A.B. asks: 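Next up is a structure, given as structure tokens.
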Amino acid sequence: MPFSNHPRSVPEIIGDLFSQLTTLLRKETQLARTEMSENILSIGRGLGLIVGGAALLIPALVILLQAGVAALTDRYGMASYWSALSVGGAVLIVGIVLLLIGVSRLKIENIVPNKTVHQLQRDASVAKEQVRRDHEPRRAA
């Protein structure tokens with residue numbers, strides 16, 4: 001509704017308030033749904049990385065430890081326990097990096113609908129300003 005110079009009645013103001021509040025709540029709900037679905041997709045990707053990392057760690061540890069120990073022992077003449085420790089440590093580091101990346105995507109900050117919260121705060125401040133303007137005493141010139 002465009003602004004005009006004539007004063008509005010209380011029922012008109014209340015009617016406009018409820019109409020605008022209903023529209024605002026509907027749009028904010030849509031925004032929250034959209035943002036939450038994006039966040040759920042991000043959580044799904046994080047879980048996928050964790051599962052993928054865990055699924056690759058187990059066979060990787062077995063295969064790489066066996067092959068690495070054999071290669072280091074045969075080629076460089078290392079004792080088998082030093083070979084096993086070297087290969088196992090390298091595979092462990094790769095697995096930890098994958099798990100940390102997945103866990104970092106599951107942080108609570110990634111789940112909260114930040115855009116919606118920010119928009120609600122802005123809407124509240126605009127509504128307060130509008131109420132202040134509507135209740136300002138009119139001064140005669």
Side-chain angles (χ1 to χ4, degrees), residues 1-76 78-141:
M1 170 184 258
F3 292 107
S4 62
N5 291 335
H6 68 84
R8 298 186 307 172
S9 67
V10 172
E12 286 177 332
I13 293 172
I14 291 174
D16 285 348
L17 174 69
F18 284 121
S19 172
Q20 291 176 6
L21 183 63
T22 303
T23 303
L24 175 66
L25 289 175
R26 189 177 318 115
K27 291 194 184 264
E28 294 300 338
T29 302
Q30 286 175 329
L31 178 62
R33 279 189 204 146
T34 302
E35 195 170 354
M36 287 301 289
S37 66
E38 289 172 2
N39 293 343
I40 288 172
L41 281 172
S42 178
I43 289 171
R45 289 184 197 116
L47 286 173
L49 285 171
I50 289 173
V51 169
L56 291 175
L57 279 175
I58 295 168
L61 283 172
V62 173
I63 293 169
L64 288 176
L65 284 172
Q66 289 175 346
V69 168
L72 291 175
T73 302
D74 289 345
R75 187 164 206 177
Y76 298 107
M78 292 177 78
S80 61
Y81 55 88
W82 284 116
S83 300
L85 185 62
S86 300
V87 173
V91 172
L92 181 66
I93 289 170
V94 171
I96 288 172
V97 167
L98 286 174
L99 288 174
L100 290 176
I101 290 171
V103 168
S104 72
R105 293 195 179 193
L106 295 178
K107 290 186 179 179
I108 196 72
E109 296 90 32
N110 296 336
I111 299 170
V112 175
N114 293 321
K115 294 175 191 170
T116 303
V117 170
H118 179 70
Q119 185 64 39
L120 284 172
Q121 289 170 342
R122 267 197 319 175
D123 292 343
S125 68
V126 167
K128 285 179 189 176
E129 184 63 32
Q130 184 68 34
V131 168
R132 259 189 240 128
R133 255 192 264 142
D134 285 346
H135 287 32
E136 282 179 359
R138 304 209 193 291
R139 295 189 179 142

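Quick caveat, the model's predicted, so the values are computed rather than measured. One-based numbering along the sequence shown.
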A.B. asks: Indicate the atoms forming the closest heavy-atom contact of S83 with G68, along with that distance.
C.D. replies: CB-O, 4.4 Å
A.B. asks: To the nearest 0.5 Å, tell me how far L56 CG sits from L49 CG.
C.D. replies: 10.5 Å
A.B. asks: Answer with yes or no whether the side chains of D123 and Q119 bring together a donor and an acceptor at under 3.5 Å.
C.D. replies: yes
A.B. asks: Quick one: CG on L21 to CG on D16, what's the gap to the nearest 0.5 Å?
C.D. replies: 12.0 Å
A.B. asks: Nearest 0.5 angstrom please: N39 CG to I43 CD1, how far?
C.D. replies: 6.5 Å
A.B. asks: Any donor and acceptor pair, going by atom type alone, linking the side chain of T73 with main-chain N or O of V69 inside 3.5 Å?
C.D. replies: yes
A.B. asks: So how far is it from I101 CD1 to I96 CD1, rounded to the nearest 0.5 Å?
C.D. replies: 12.5 Å
A.B. asks: Would you compute the distance between atom CG of D74 and atom OG of S80 and round it to the nearest 0.5 angstrom?
C.D. replies: 10.5 Å
A.B. asks: So, do L98 and L57 sit near enough that their side-chain heavy atoms are less than 4.5 Å apart?
C.D. replies: no
A.B. asks: Can you give me the closest heavy-atom contact between S37 and T34, atom names plus distance?
C.D. replies: OG-O, 2.8 Å
A.B. asks: Give, for atom OG of S42 and atom CG of L47, the distance between the pair rounded to the nearest 0.5 Å.
C.D. replies: 9.5 Å
A.B. asks: Are side-chain N/O atoms of R33 and Q30 paired as donor and acceptor at under 3.5 Å?
C.D. replies: no
